[in-house]
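See below for the structure under consideration.
In each ligand, atom 1 is the first atom listed, and ligand 1 is the first ligand listed. The structure presented is a predicted model; accordingly, all values stated were derived computationally and were not measured. We number each residue from 1, following the sequence as shown.
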Amino acid sequence: MNGRVIGIIAIKGGVGKTTTVSNLAASLANDFGKKVLVVDANFTAPNLGIHLGIVNPQYTLHDVLASKVDVPKAIQKHELGFDIIAGSLVPKCKIDPFSLKRKINHLRYKYDVILIDSSPTLNEEMLATMIAADELLVVSSPDYPTLSCTMRAVKVAKMKKTPITGIVLNRVRGKKYELTLDDIEQSVDVPVVSIIPEDEMVLEALSLTKPAVMHAPGRNVSVEYKKLAGCLIGEQYKDTRLWPKIRNFFVVDDIKKDDVNRTIAKK
Ligand SMILES: Nc1ncnc2c1ncn2[C@@H]1O[C@H](COP(=O)(O)OP(=O)(O)O)[C@@H](O)[C@H]1O
Ligand SMILES: [Mg+2]
């Protein structure tokens, strides 16, 4: 196995980085049978563990990056079929963020995909993710303040020469006042590979510490995450729901740009 390391970034909190990581991990493991590791590299405010129901891990990424324990000790098996290295909510030791790449590099032989959840702040925490990753997904939402942060994130990633697979446009309500896929693509010159709708179910799933793809697998938001998961490993997720099939039968010429972008991005 020679797993790919994918960093999920945004220079903004609350856009959906952690939600994206947990949903992609659950889908890659359960829909595609892949071996997946998620790593919480939001060192200052780690909450990937909380999203996934892990509150007080015995060993954390902080212990690893402080060279207190070896990586395998900090890896936990999650009941949803993937592994996780959580962060410490009350870190007690000084860490070396830039050792992240070295510490996780040798885990590639064990996993198909390693997903890194990153810090929202453009500092050494986020740079550590950019350096450790083979490729990046930049999470954004369809409003100007977030777009300005996305433009900055893309610029820094390009400077660091970490390839960007695409933009994940999250929390889309389909309103006229929102920025469109074309607006975003023209501004950042990176393809939008996923459009994830805003859905209260995501918050309901969070309250149950479950990824949306497991809590409500047939909801649009879940299916979009599954399509993105497939794209990351060069496979196509087949939407087996009845309604989209009926719709596709009647609506000709309904080619979506994000579908096209995913096909192009598929390795
Ligand atoms: N598509 C969505 N629809 C509704 N709520 C969402 C969606 N994506 C994320 N959220 C919610 O937004 C909040 C912030 O998401 P999170 O993934 O923690 O963001 P980040 O990691 O970028 O700070 C969480 O409460 C999450 O459940
Ligand atoms: Mg987060």
State plainly whether the residues [X] and [Y] are in salt-bridge range, i.e. N to O under 4.0 Å.
X    : Y    : result
D143 : R173 : no
D83  : K77  : yes
K256 : D258 : no
E178 : K175 : no
D259 : R262 : yes
E235 : K34  : yes

Could you pull out every protein residue that has a heavy atom closer than 4.0 Å to ligand 1, ordered by chain and then number?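 Only G13, G14, V15, G16, K17, T18, T19, H51, N170, R171, I196, P197, E198, D199, V202, L203, L206 have heavy atoms that fall under 4.0 Å of ligand 1, ordered by chain and number.
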Determine yes or no for a side-chain-to-main-chain donor-acceptor pair under 3.5 angstrom, with D112 supplying the side chain and G3 the backbone.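 Side chain of D112 to backbone of G3: no pair is present.
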Evaluate the criterion side chain to side chain donor-acceptor pair (under 3.5 Å) for residue pair S141 and N170; output intermediate values, then yes/no. CA-CA 5 Å; S141 52; N170 188 27; over 6 Å; no
Within-2.8 Å protein N/O/S contacts of the Mg ion (ligand 2):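 T18 OG1, with waters left out.
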Evaluate the side-chain proximity of F82 to L115: yes if any heavy-atom separation is below 4.5 Å, no if none is.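 L115 does not reach F82 side chain to side chain.
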